[in-house]
Amino acid sequence: MFESDVLPVVLAAGKGTRMRSKLPKVLHKLLGWPLISHVLTTLRHFRFNQIITVVGYKAEDVKRHIESRDIVFVEQREQLGTGHALMCCQGFLNHFEGTVLVLNGDVPLFREESLKRLLETHIETQAAVTLVTAKVKDSQEYGVVLRDRQGRIIGIAEITDRNRMKAAEINVGIYAFKAAFLRENLKYLQRHPQKGEYYLTDLIKIAVERGELVGGCEVPFEEAIGINTRKDLALATKVLERHLVERLMLEGITIIDPESVYIEMDVEIGLDSILFPGVCLRGKVCLGEDCILEPGVIITDSEIGDKVHIKAYSVIANSKIEDGVSIGPFAHLRPGAHIGEDARIGNFVEVKKSYVGKGSKASHLTYLGDAEVGSGVNIGAGTITCNYDGRQKHKTIIGDKAFIGSNTALVAPVKVGENALIGAGSVITKDVPPNTLAIARAREVHKQKKRKA
Ligand code: UD1
Ligand code: CA
């Protein structure tokens, strides 16, 4: 098969009424990627020259998400059905003699191998159209494939709740057409009397009437799931998550309870890392080798080194953690936190837009915001960087090996020099030079109690 002989067309102009959403259906996310990106990614396993994408409802939003050199957008101004969406691509058919591969943009789990099989079957049999089908126990709202006594496909019946069938063969919404067949027959599609839409599926009947060959290519239902409602989205999420987690386990990652974790598409995990139940990894997360993520750890868009131990219920976003670090339990690393090698961030510690150097420790109940902490620093329990004066944020800089006593307030902008020692309970408002002891608290006085009469 030559990819240059195939013209893929993705239908993505529909609103997705049954989603009941402000967002166009194809932009709803499935494990972190918009539905349509799943379809485009599968197509990109092949080297097609271009991918035509039909957009319409909130076209600008859809375009913005998927814009790329290999995509050509076609606008369907009024959403008059899947057949009409294809009619909008007529211009591309005029001088093209190969296979037109049409894919509904809301069928995200269809696999590369099945696509290859579809194209090969289609080209081998020289059918006018080959459609992907799947056997189901309940036809739901899918179109049902009709066959004659000899088993030849003769049409597709659109299903409503009234004529819903138990065992059925459904139309998956992915088709290979001979370009010439489409060119000649798209014009015969007619608006449906009830819905007023042009059904792409009527092309099957037209092909049969013209005595053309119509072929089928069956796939497991798992690949055929079409997303019309949020229930479909949840089902597809479950199926895809299971595949993703199984792949990770085969790659050498321990996932103690595979059904309880939530891991998105752009997550990478190194060998021998262990995920406890309830771990949630979202966006682009890169986790190193030999890490332990305890129950309830939530990480979004972050880079994490090797041998990092993240204890229960810690929340980490847009942060970088280097090798050998220990975090939590109940720690909160907000955007811009950068934790150096072997450092320790303990329970109820919040870090925002701050660097913590190698081997430094903030073990309990601390807030570090807009801070730069050197290496080997000890930050006592209850230490707070007072980084905000009500209008602006200011920096706190702490030198290597400094020791900050418990319950210290560092009023920024402020610097604490190397090896300085801050007495517990201090409110530090002036820069502390290196190797200096600073105490800024009221002196303790002891007085003789008055005797009661
Ligand atoms: C369609 C098929 C049905 C099949 C099912 C598989 C038709 C008439 N029916 O039904 O046989 O079983 O898919 O999932 O084709 N779209 C446009 N423009 C439009 C309308 C839709 O681009 O005017 C796009 C949508 O964005 C969507 C795709 O086409 O990505 C399918 O549309 P949808 O309305 O979901 O079709 P189904 O009712 O699911
Ligand atoms: Ca659909």
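Start at 1 and go down the list; that is how both ligands and their atoms are numbered.
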Could an N or O of ligand 1 be found under 3.5 Å from any N or O of Ile156, whether backbone or side chain?
no
So the atoms of ligand 1 within less than 4.0 Å of a heavy atom of Gly105 turn out to be 30 (O)
Just say parallel, tilted or perpendicular for the rings of His38 and Trp33, cut-offs at 30° and 60°.
tilted
What distance do Lys353 atom NZ and Ser319 atom OG have between them, rounded to the nearest 0.5 Å?
13.0 Å
Would you kindly check if the NZ (Lys) or CZ (Arg) of Arg47 is within the cone defined by 45 degrees around the ring axis of Phe2 and under 6.0 Å from the six-membered ring centre?
no
Does any N or O atom in Leu200 lie less than 3.5 angstrom from one in ligand 1, N or O only?
no
Contact check, side chains of Asn387 and Lys393, non-hydrogen atoms, under 4.5 Å:
yes
Distance in Å, Leu27 CG paired with Arg64 CZ, rounded so as to fall on 0.5 Å steps
9.0 Å
Checking contacts here: is it the side chain or the backbone of Asp106 that comes within 4.0 Å of ligand 1, counting heavy atoms only? Could be both or neither.
both
Got the closest protein heavy atom to atom 32 (O) of ligand 1, with its distance?
Thr82 CG2, 3.8 Å
Check whether any N or O atom of Gly173, backbone or side chain, sits under 3.5 Å from an N or O atom of ligand 1, and answer yes or no.
no
Below 3.5 angstrom, do we get any N/O pair linking Ala85 and ligand 1?
no
Show all protein N/O/S atoms under 3.0 Å from the Ca ion (ligand 2), or state that there are none.
Asp106 OD2, Asn228 OD1
Classify the contact between His84 and ligand 1 as side chain, backbone, both or neither, using a heavy-atom distance cut-off of under 4.0 Å.
neither
Which of the numbered atoms in ligand 1 are under 4.0 angstrom from any heavy atom belonging to Gln76?
17 (C), 18 (N), 19 (C), 22 (O), 23 (O)
Exactly one of Val214, Leu131, Leu182 clears side chain to side chain contact (heavy atoms under 4.5 Å, CB included) with Leu203, and that residue is Leu182
Geometry only, no angles: is Tyr142 polar-contacting ligand 1 at N/O separations under 3.5 Å?
no
